[in-house]
Amino acid sequence: MTSFKAGLEDIVALRSEICFIDGQRRRLVYRGYDIGEFIGKATFEEVVYLLWHGELPTQAQLSVLREQIAAAQDLPKELIDLIRTFPRDAEPMAVLRTAVSALGVVDPDANNNDREANLRKSVRLLARLPMIIAYHARLREGQEPVAPRSDLGLAANFLLMLRGNEPDQLETDIFDACLILHADHELNASTFTARTVASTLSDIYSAVTAAIGALKGPLHGGANEQVMRTLLEIGDPERVVEWLDQALENKQRIMGFGHRVYKTGDPRADFLRQFSQQLGEKRGDTRWYQMSRRLEELMFEKKGLYPNVDFYSASTYYMLGIPIDLYTPIFAFSRVSGWTAHVLEQYADNRLIRPRAEYAGPMDLQFRPLAERG
Ligand code: ACO
């Protein structure tokens, strides 16, 4: 048996054709395409198609996918009733996890594990995750839900359903690119979770529900929310040095920095940095961008750490008018494309994922009956 490696660091657990990360060369590749190839050129829907099918769609294939998404953009009544029972202050990630699990209860295809059925379910998940997030977000504010429009893509529709107004072109393009940048990331904790569940031949809803649970943690997807809270706490670019010195003295982990794989920087952060700047300039308020830049410079100087995907997505989402506790649900909305692609790949050539543990407990203890234990 090979030896124990804490956190499975650098352990290769399976073969995949979906995503490649080069942590030394700062590269992220989806199905052979460098991530930079898509930004400003492709829509999120095209990238989703690529992740699921292994090749970019033709115009006709993309139109079919868009129609399928539009057709799936209605929440089952049981789900609406369920969401309405949740307390208004319910944590959005917990709402999403529970609602996605409930989708599996009402889907007639739930236990059909054919590839075609799983593709149909993947479309439903992709169409409905953003609806669930927006539906609950508006409900808790006492506002009526807003229906998606069949002429808009997933990015514009989400901002419309959430805010009640149609985003402009810059907002749409930036949010669409954010969805692309978060779509997949090899064998991260939530994707590994999804594949582990799928490897038992359980259903895709169970796999995605479990993945949402894994993404919720602050060491994974939850960091982007903490980043924005940090920026709000600092409040002013002038205060960054003082705040950081204090935080590092208190041995605090600075959210949005560091990565298990990227050791020379996260390529996604390069795009998100631009988006944060562009939106700041458009709004005439570059405070959050400036503060982030200063923090980035200082973290490199003091700790040699680079920002990860969660760092600049925080100020980008903030300037898109998205409530902070929706940042991680949005991550799930994008990443469901990658999770489902990995689940499809897992089913296609399945082997039960079942690692071993190095036993470190006691041995050969003598059993004493309950009455004899003091
Ligand atoms: N702030 C301060 N110090 C840090 C940070 C940070 N954000 N990240 C790593 N370090 C330090 C650690 O204290 C440790 O120092 P030490 O060796 O002196 O103890 C060293 O860098 C190595 O850290 P590890 O935790 O061993 O690195 P690991 O690969 O396990 O962790 C992780 C990666 C979890 C992302 C870590 O960098 C972290 O906690 N970052 C903050 C949370 C975060 O931003 N998560 C989002 C990740 S991206 C994503 O999931 C979408």
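Starting from 1, each residue takes its place in the sequence as its number. Every number for a ligand or one of its atoms is a count from 1 in the order of the listing. Computation of the quantities below employed the complete heavy-atom set of this structure, encompassing side-chain atoms and omitting hydrogens, waters and symmetry-equivalent molecules.
Of the charged side-chain nitrogens involved, none lies within less than 4.0 Å of a carboxylate oxygen, so that E46 and K41 do not count as a salt-bridged pair. Under 4.0 Å is where a charged nitrogen must lie from a carboxylate oxygen, and between R140 and D325 at least one such pair does. Between R15 and D349 no salt bridge is recorded (no basic side-chain N to carboxylate O distance below 4.0 Å).
There is a protein heavy atom less than 4.0 angstrom from atom 7 (N) of ligand 1. Counting only heavy atoms, the protein never gets under 4.0 Å from atom 15 (O) of ligand 1. The protein reaches atom 39 (O) of ligand 1 closely, with a heavy atom under 4.0 angstrom from it. Protein heavy atoms are absent from the space less than 4.0 angstrom from atom 18 (O) of ligand 1. Atom 22 (C) of ligand 1 lies below 4.0 Å from none of the non-hydrogen atoms of the protein. Remark: atom 48 (S) of ligand 1 lies closer than 4.0 Å to at least one protein heavy atom.
In this structure, F158 has its ring center under 6.0 Å from that of F333. Note: Y327 and H182 fail the aromatic proximity criterion, with ring centroids not under 6.0 Å apart.
Regarding atom 46 (C) of ligand 1, its nearest protein heavy-atom neighbour is D310 OD2, 3.3 Å. The closest protein non-hydrogen atom to atom 2 (C) of ligand 1 is I254 N, 3.8 Å. The nearest protein atom to atom 41 (C) of ligand 1, hydrogens excluded, is given as F257 O, 3.5 Å; this is a heavy-atom distance.
Each of the following atoms of ligand 1 lies closer than 4.0 Å to a heavy atom of A223: 43 (C), 44 (O), 45 (N), 46 (C). Near F331, meaning under 4.0 Å from one of its heavy atoms, ligand 1 places the atoms 51 (C). If you number the atoms of ligand 1 from 1 as listed, the ones under 4.0 Å from a heavy atom of L305 come out as 3 (N), 4 (C), 5 (C), 6 (C), 8 (N), 9 (C), 10 (N). Within ligand 1, counting atoms from 1 as listed, the ones closer than 4.0 Å to a heavy atom of V309 are 51 (C). Listed by number with element, the atoms of ligand 1 under 4.0 Å from a non-hydrogen atom of G258 are 35 (C), 37 (O). Atoms of ligand 1 lying under 4.0 Å from any heavy atom of G256, numbered from 1 in the order shown and given with element: 43 (C), 44 (O).
The two residues W288 and D285 have their closest heavy-atom pair at NE1-OD2, 4.0 Å. Nearest heavy atom pair, residue E144 against residue R138, reads O-NE, 2.6 Å. K121 approaches D109 most closely through the heavy-atom pair NZ-O, 2.9 Å.
Relative to atom 29 (O) of ligand 1, the option among M255, Q226, E9, R260 with the closest non-hydrogen atom is R260. Among H220, H185, H182, the residue whose heavy atom lies nearest to atom 50 (O) of ligand 1 is H220. When K303, R253, K263 are ranked by how near their heavy atoms come to atom 32 (C) of ligand 1, first place goes to R253.
Around the CD atom of E55, the shell of radius 6.0 Å holds no more than 12 heavy atoms that belong to other residues, nucleotides or ligands.
Using a 3.5 Å distance cut-off with no hydrogens or angles, the side chains of R66 and Y49 do not pair a donor with an acceptor. With 3.5 Å as the limit, one finds a donor-acceptor pair spanning the side chains of Q277 and E281. Remark: the D107 side chain and the Y205 side chain contain an N/O donor-acceptor pair separated by less than 3.5 Å.
When heavy-atom distances to ligand 1 are checked against a 4.0 Å cut-off, N308 comes that close only through its side chain, counted from C-beta outward.
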